[in-house]
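First the proteins, then the strands, lettered A, B, ... as listed; each starts at 1.
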Amino acid sequence: MGVTLSGQDVIQTIINGLCMGGMYILIGMGLTIILSIMNILQFAHGEVYMLGAFTVYFLCVLHGVNLYLAVLVSMFTTAIIGLLIERILLRPLKGVFMSYVCVTTGLSLIMQTAVLLSFTKGTKQLPSLWKGPLDVYGVFISKERIVAIVIALFLTLGLYIFLKQTKYGLAMTASAQNREGALMQGINPNVMSAMAMAIGSGLAAVGGALGGSIFNLDPYMGGLAFLKGITLIVIGGLGSIPGTVVGGLILGIAESVLALFFGSQMGIILPLILVIAFLVFRPKGLFGHD
Amino acid sequence: MTRTKLGKLMIGTAILVFVFLLPLIISNIYWLHVFILIALMILVTASMRAIYRTGEVSLGTAGFMLLGGYSAALFSIRLGLSPWLTMLLGGLFTAVVAAALAYPFFRIKGVYFVITTLLTGFVFLYIAGYLTDLTGGWPGLHFFDLSPEPIKIGSLTLDFSNKTNIPYYYFALIFVCISLFILYRMEHSRIGLVWKSIRENDALAKSLGVNIMAQKIFIFVVACFFTGLAGAVYAFHVHALSPTTTPANIFHFNTSVYCLLYMVVGGVDSFYGPLIGTALFMLVTELTRSLDLYRPLLYGGILILIVFFMPKGLIGLRQYIPEWRKKLSGRSKKKPGEKSVSTQ
């Protein structure tokens, strides 16, 4: 291989992997909730993620709002946009598969172009979440990645508690497991769909903000993010939250380790091949249920 | 022969004659390039529709085009074979790859099939970029001096390099017409009915003794064969292939989405839908080049509007106009105070 590894490299690779994994989890969580409750693949989810990042950019860089406040505002506005998408575009379709594919892909084209046209050209980046490296016994770790990991962890845990402990969360879980059964218990599937879209979009927006503070922003960043999202929900099992978390961590770490050894291109290809293999040979994923 | 059939035949002949005489009217080299692209995309979209006939949406189209294009070009460059042969080989190679993938792919359905094909397209793109020694890597593959050999018919020499594009236009046209004819015959034969039965109700079809898996694999391989062929013909037209991941690249995932768009806009239920959709859409695209940046916005909007207001696509326009007229007149007749009945 010709690569000599120091402790620094190993730790950094793992931290990078965890950080990317956290971001992927935030995207994949939304996708998996939407998929399990509404039974559709939200092709515009990557664009929702991109929109979240650009909202933060708009507030924080262009208008000088505090970064963390901007992330919070972005989360809520994007959640509202998710609600609107569900109410205006998705609810009237009534379960025709082809229509969902067309509407959500159409939506992603619209959002990409709208953002492309509303911002000036040039590289854009969000300010760092927390500047500088952290010195842990001689190994330097960038603080922003730690913050990203913590935020992702926090939100995931919050979602998990919401789904397991609260009335609405349980209703959502029930609806995901059996739509008709839940309907008979008085759970309105439309409300559940709306909630799924709102929560999913909000999480994606935070993911976008984290991604935007590490990478550059551009209107097409959603495509790759979407790809990662579906990769990890397939690995983790469609519709399973612990599966999504584990899938995200595996994907993030695998990618950064593969990139270390084979270059970043292979870090992209191999997970995709892995996913195709998963879909074909073990469609239920690691933690999957039907 | 009934009257409508005769009318259809006449329209079809008229269009064919028009398309064949087109270079006499517009001999501009750029426009001919556009027409070649339109012809190829029509074939690609028709192939996508063929897969959709079994009820699955494949978004790997761009990837299979890339496979056909690259393999044809590489067979020619590395092995020194004639482009006429390698175009066919490109198509066959794509078909072989498709055949290898088809069985595992068709074990899954619906959304998961979409995901798998989509990812496959991406994998092909990345592999083309990654295998630098074989494919030239990210800078792309250029073979400007490599064109199909000229054909001599009497004193007339047909030169297929990019000097005028006219011979190549005729070649692409004839190729696409033959391919479309084959697809059409397949759809309107017994086998087409079998495919239809699979889409309508696969359990029932199975109970009647249809081997669903074999049929799906067959249709997928055929569709990918034509997609790959179109990619190969495209390759020897532009003489430069690239695996870049920008939406401008024809092998990018966006092309698959655009094919979906053409198909849905034209109308999925009819064989002519994708033809009309692709031709119309690509022409409009060309005529509005100045709006280049806004184009995806327009496309997305049209796609959504079509799904909401014309689920049968442009081909169903004849049905929609009376319906809309009825709705409009019904609305205007209502008195201002009257409440509208929403359950209609």
Next item on the list: Would you confirm whether A/Thr32, through its side chain, and A/Gly28, through its main-chain N or O, come within 3.5 Å as a donor-acceptor pair?
Entry: no
Checklist line | Parallel, tilted or perpendicular: ring planes of B/Phe122 versus B/His252, cut at 30 and 60 degrees | finding: perpendicular
Notebook entry, point to check: At their closest point, which heavy atom of B/Ser256 faces which heavy atom of B/Gly60, and how far apart are they?
Noted result: OG-C, 4.3 Å
Checklist line | Per-residue contacts, residues 48-58 of chain B versus chain A, heavy atoms under 4.5 Å | finding: B/Tyr52, B/Val57
Next item on the list: With a 4.5 Å cut-off on heavy-atom pairs, point out which of B/Ile306, B/Leu298, B/Leu297 contacts chain A the most.
Entry: B/Leu297
Item checked: Closest non-hydrogen atom pair, B/Leu280 against B/Leu314 -> CD2-CD1, 3.6 Å
Notebook entry, point to check: Roughly how far, to the nearest 0.5 Å, is CE of A/Met50 from CG of A/Leu116?
Noted result: 9.0 Å
Checklist line | Choice from A/Thr105, A/Leu227, A/Thr104 maximising heavy atom contacts with chain B below 4.5 Å | finding: A/Leu227
Next item on the list: Name, in order of residue number, those residues of residues 96-104 of chain B that have a heavy atom at a distance of less than 4.5 Å from a heavy atom in chain A; otherwise write 'none'.
Entry: B/Pro104
Next item on the list: For each of B/Tyr112, B/Phe105, B/Phe106, tally heavy-atom pairs with chain A at distances under 4.5 Å, and name the one with the top tally.
Entry: B/Tyr112
Notebook entry, point to check: Less than 6.0 Å separating the ring centroids of B/Phe124 and B/Phe251?
Noted result: no
Notebook entry, point to check: Do the side chain of B/Asn249 and the main chain of B/Thr244 share a donor and acceptor less than 3.5 angstrom apart?
Noted result: yes
Next item on the list: For B/Tyr299 and B/Thr285, test the side chains for any donor-to-acceptor distance below 3.5 angstrom and give the result as yes or no.
Entry: yes
Notebook entry, point to check: Of A/Leu41, A/Ile230, A/Leu272, which meets side-chain contact (heavy atoms from CB on, under 4.5 Å) against B/Leu118?
Noted result: A/Ile230
Next item on the list: Examine whether an atom of A/Leu224 lies under 4.5 Å from a heavy atom of chain B, and if so say whether it belongs to the side chain, the backbone or both; otherwise answer neither.
Entry: side chain
Note to self: Quick one, B/Val265 with B/Met263, criterion side chain to side chain contact (heavy atoms under 4.5 Å, CB included). Give me CA distance, side-chain angles, the key distance, then yes/no.
What the structure shows: CA-CA 6 Å; B/Val265 167; B/Met263 184 169 94; over 6 Å; no
Next item on the list: Would you sort out whether A/Glu255 and A/Tyr24 count as a side-chain hydrogen bond (donor to acceptor under 3.5 Å, both in side chains), showing the intermediate values?
Entry: CA-CA 12 Å; A/Glu255 247 181 29; A/Tyr24 297 159; 2.7 Å; yes
Item checked: Portion of A/Tyr100 that has a non-hydrogen atom of chain B nearer than 4.5 angstrom -> neither
Notebook entry, point to check: Which answer fits B/Ile302, side chain, backbone, both or neither, if we ask what part of it has an atom under 4.5 Å from a heavy atom of chain A?
Noted result: neither
Check: Using non-hydrogen atoms only, which part of A/Met111 is less than 4.5 Å away from chain B: side chain, backbone, both, or neither?
Finding: neither
Next item on the list: Sort B/Phe113 into side chain, backbone, both or neither according to what part of it lies under 4.5 angstrom from a heavy atom of chain A.
Entry: neither
Next item on the list: Only pairs at least two apart or in different chains count here, so list each salt bridge (Lys or Arg N to Asp or Glu O under 4.0 Å) that has a residue in residues 30-50 of chain A.
Entry: none
Item checked: Test item: A/Arg87 side-chain N/O and A/Ala194 main-chain N/O as donor-acceptor pair under 3.5 Å -> no
Next item on the list: Give me the contact list for residues 212-219 of chain B versus chain A, heavy atoms only, anything under 4.5 Å, ordered by residue number.
Entry: none
Item checked: Criterion ring-ring contact (aromatic ring centres under 6.0 Å, His included) against B/Phe64, the qualifying member of B/Phe220, B/Tyr70, B/Phe93 -> B/Phe220
Next item on the list: Kindly say whether A/Ala53 contributes a backbone atom to a donor-acceptor pair with the side chain of A/Thr55 at under 3.5 angstrom?
Entry: no
Next item on the list: Kindly indicate, with the supporting measurements, whether the criterion side chain to side chain contact (heavy atoms under 4.5 Å, CB included) is fulfilled by A/Leu217 and A/Gln125.
Entry: CA-CA 6 Å; A/Leu217 296 186; A/Gln125 203 176 12; 6.0 Å; no
Check: What part of B/Leu119 gets closer than 4.5 Å to chain A, counting heavy atoms only: side chain, backbone, both or neither?
Finding: both
Margin query: What part of B/Leu59 gets within 4.5 angstrom of chain A, counting heavy atoms only: side chain, backbone, both, or neither?
Written below: side chain
Notebook entry, point to check: Where do B/Thr45 and B/Cys259 come nearest, in terms of heavy atoms and distance?
Noted result: CG2-O, 3.4 Å
Next item on the list: Indicate the ring-plane relationship of B/Tyr262 and B/Tyr258, choosing parallel, tilted or perpendicular according to the 30° and 60° boundaries.
Entry: tilted
